[in-house]
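Convention: sequence-line order gives letters A, B, ...; per-chain numbering from 1.
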Amino acid sequence: MRLSQFHLATVKEIPADAEIASHRLMLRAGMIRKLASGLYTWSPLGLRVLRKVENIVREEMNRAGAIEMLMPSVQPRELWDETGRWQKFGGQLLKIKDRKQQEFCYGPTHEEVITDFARNELKSYKQLPVNFYQIQTKFRDEIRPRFGVMRAREFLMKDAYSFHLGAESLAETYAAMYQAYTRIFTRLGLRFRAVQADTGAIGGNASHEFQVLADSGEDAIAFSDGSDYAANIEKAEALAPAHERPAAAAALQRVDTPTQKTIAEVADFLLVSPRQCVKTLLVRGRDGLVALCLRGDHEINAVKAGKLAELPDESVLAGEEEILAATGTRPGFIGPVGLPDAIPVIVDRDAAALADFVCGGNADGSHYTGANWLRDARISRIADLRNVVEGDLSPDGKGVLHLARGIEVGHVFQLGQTYAEAMKATVVDDQGQSRVMAMGCYGIGVSRIVAAAIEQRHDDAGILWPDAMAPWRVVVCVINPKNIPAVGKAAEALYQWLLRQGVEALLDDRGLRPGGMFADMELIGIPHRVVVSERGLAAGTLEYRARQETESRSISQDDLLALLR
RNA sequence: CGGGGUAUAGCUCAGUCUGGUAGAGCGUUGCGUUUGGGACGCAAAAGUCGGGGGUUCGAAUCCCUCUGCCCCGACCA
């Protein structure tokens with residue numbers, strides 16, 4: 001590509017609304033332009049990168065035996081009523097009406113449409129297993145879109161759906177998709193981890209997220225240094241402590257803590273470690289308030305709490321007035337000692353192993369010291385309630401856990417029969433019996449990968465694309481061709497030669513001064529740069545610099561080709 | 001949905017407190033000089049000051065109202 005014939009639109013100003021590196025750099029490089037909140041136009045430059053990602057995803061899906069198709073982005077309400085998701089999906093579902101007042105949604109995902117397709121197309125077990133996929137625009141009406149295309153409302157997604165006669169076949173395709181995803185992110189040149197994920201409200205047997213590692217990631221992941229265990233922190237199990245609960249040694253004693261409400265304040269005031277305190281959260285259960293007790297230095301895990309039988313899927317902290325009515329005190333002074341019998345006390349494994357602990361006194365301005373389970377406070381049940389922390393033992397017993405941040409770019413999921421059952425998607429088996437199919441679904445956020453890659457790989461000058469994602473592999477920069485025609489000719493010849501060698505080359509023939517040219521090429525992250533100038537012509541070699549190097553070096557054309565292969 | 005902020009040239013912003021009829025930098029256009037890390041000079045184009053209503057002789061500025069956008073939180077996955 002000759003840059004003079006392309007539309008490159010870089011900007012020097014740092015966009016005011018962009019908070020994270022990838023968003024800033026995509027705007028500055030002119031890859032995207034915002035149309036409205038969460039809606040972005042992909043410029044020619046941005047689209048080149050997006051297509052690179054898309055093509056790798058497509059190649060690996062095909063290699064893994066999946067079959068590409070394309071479904072409509074607008075979907076009729078009737079299908080969503082069959083699965084109950086017209087209501088359940090909530091505000092993220094963009095609902096629209098046509099001129100006849102018929103209701104539709106803009107598809108946030110395609111389980112309903114593919115299951116409808118499958119129940120019409122698939123009649124026999126002989127057609128199974130089969131794995132359909134598409135690469136298509138999705139719309140989710142996010143409450144708060146942010147970070148550019150990282151969390152946009154409209155985005156490009158690869159979604160695949162597999163159909164099976166039984167769980168065993170599903171597990172096989174699931175494993176194949178896991179391998180395909182591993183190949184995709186490896187080819188893209190990203191540092192990533194596959195982590196166990198919570199299966200959420202849908203249930204199902206297995207689920208893994210593929211997380212690109214980046215400090216700015218919105219997800220926390222835990223991984224072991226002694227095995228390949230890795231999990232989203234929502235899912236990572238906190239093992240029970242190895243030691244038994246020590247015997248009670250201290251007497252229960254009420255102490256005044258007139259203004260100390262938080263664990264940190266109480267621990268400071270009483271000169272104890274937060275580890276020796278118990279914090280008590282009152283949440284709205286299915287049947288009245290429920291107390292959740294954690295060690296003072298630990299944090300509640302909302303997903304784990306949601307799985308408790310006593311709590312709804314999404315638990316909500318009780319309001320101050322509810323708490324006052326139930327316990328006679330306010331948040332900050334609640335504790336398990338002397339709570340009304342009607343309130344179940346669910347205790348985290350680590351909190352349950354404490355003895356002689358500090359906890360709220362259930363009276364304004366007071367706490368207890370020397371509190372002990374069973375002697376002073378009930379335990380209705382012991383459960384894993386907390387987020388794992390750095391240094392916890394790995395749940396598989398090998399090594400200890402470390403924490404990292406990640407950007408979720410892929411998710412594989414064994415759905416089981418939930419959708420097929422709701423929509424009566426059946427095939428006839430080898431006994432002539434009608435059987436509900438099992439399903440898997442496998443998503444990749446194609447547009448999000450572009451942002452995630454930048455988040456992981458950038459410097460002060462701009463983007464550091466992995467070779468596989470770069471809009472071009474190499475740029476030929478021409479210095480002052482207007483006054484020195486031989487330079488222009490040499491650059492043109494080099495550019496043509498690169499094209500003949502099958503290299504995706506860019507010729508910067510815009511006639512800019514060197515500073516502006518170099519700055520642009522570094523901003524848009526071209527991995528390799530060759531400069532053609534009067535100075536270089538005299539030397540007879542090429543002046544080469546890799547994007548991440550700080551010094552140029554002289555190389556031959558053959559050397560250059562070797563670097564590009 | 002709650003809280004906070006913001007809206008002025010293509011972009012980034014000043015001007016609003018204290019009302020007097022529109023500014024800068026970057027970008028764009030033309031001419032000239034320049035050409036190894038975002039050059040310089042001269043000239044030029046470009047804004048219903050987010051929309052509507054009100055106060056006033058006069059509103060970007062004061063008041064009311066609507067809307068967009070951003071941030072924090074809740075929510076969602």
On a plain distance test, is the side chain of A:E13 in donor-acceptor contact with the base of B:G27 below 3.5 Å? no

Taking atom types as they are modelled, is there a donor-acceptor pair under 3.5 Å from the base of B:G38 to the side chain of A:R510? no

Shortest non-hydrogen contact from A:G38 to A:P145? CA-CB, 3.9 Å

Sorted by position of nearest nucleotide on RNA chain B, 5' first, the leading residue of A:R140 and A:K12 is A:K12

Of A:P145 and A:H411, the one whose nearest nucleotide on RNA chain B sits closer to the 5' end is A:P145

Under 4.0 Å between any heavy atoms, over every strand shown, what does [X] touch: base, sugar-phosphate, or nothing? Just pick one.
X	answer
A:K482	base
A:R529	base
A:R535	base
A:E522	base
A:R28	base

For residues A:D159 and A:Q134, is any side-chain donor paired with an opposing acceptor at under 3.5 Å? yes

Quiz question: by atom type and distance under 3.5 Å, do the side chains of A:T10 and A:D520 form a donor-acceptor pair? yes

Can you tell me if A:S37 touches the phosphate of B:C70, counting only side-chain N or O atoms and a distance under 4.0 Å to OP1 or OP2?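 For B:C70, OP1 or OP2 has a side-chain N or O of A:S37 closer than 4.0 Å.
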
Output for pair (A:R151 CZ, A:E218 CD), nearest 0.5 Å, gives 4.5 Å

Restricting to nitrogen or oxygen on both sides, can you table the protein-nucleotides 74-76 of chain B pairs closer than 3.5 Å?
unit_1 : atom_1 : unit_2 : atom_2 : d
B:C76  : OP1    : A:E314 : OE1    : 2.6
B:C76  : OP1    : A:E314 : OE2    : 3.4
B:C76  : O2'    : A:Q92  : NE2    : 2.2

For nucleotides B:G47 and B:U28, find the distance between their C1' atoms and express it as a whole number of Å.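 B:G47 and B:U28 have their C1' atoms separated by 15 Å.
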
Mind checking the C1' distance from B:U35 to B:C40? Whole angstroms is fine.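 Pairwise C1' distance, B:U35 against B:C40, rounds to 12 Å.
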
Counting only heavy atoms not in A:E265, do more than 12 fall under 6.0 Å of its CD? yes

Hey, mind stepping through A:D198 and A:K235 against salt bridge (charged side-chain N to carboxylate O under 4.0 Å, His left out) and telling me if it holds? CA-CA 5 Å; A:D198 180 56; A:K235 165 95 175 174; 5.8 Å; no

In Watson-Crick or G-U wobble terms, with both distances under 3.5 Å, the base opposite B:A43 is B:U29

In whole angstrom, give the distance that lies between atom [atom1] of [X] and atom [atom2] of [N].
X	N	atom1	atom2	answer
A:I444	B:A77	CD1	C1'	17 Å
A:M517	B:A39	CE	P	11 Å
A:E19	B:G73	CD	P	11 Å
A:F518	B:G38	CZ	C1'	12 Å

So, applying ring-ring contact (aromatic ring centres under 6.0 Å, His included) with A:W472, which one of A:W465, A:Y495, A:F6 is it? A:F6

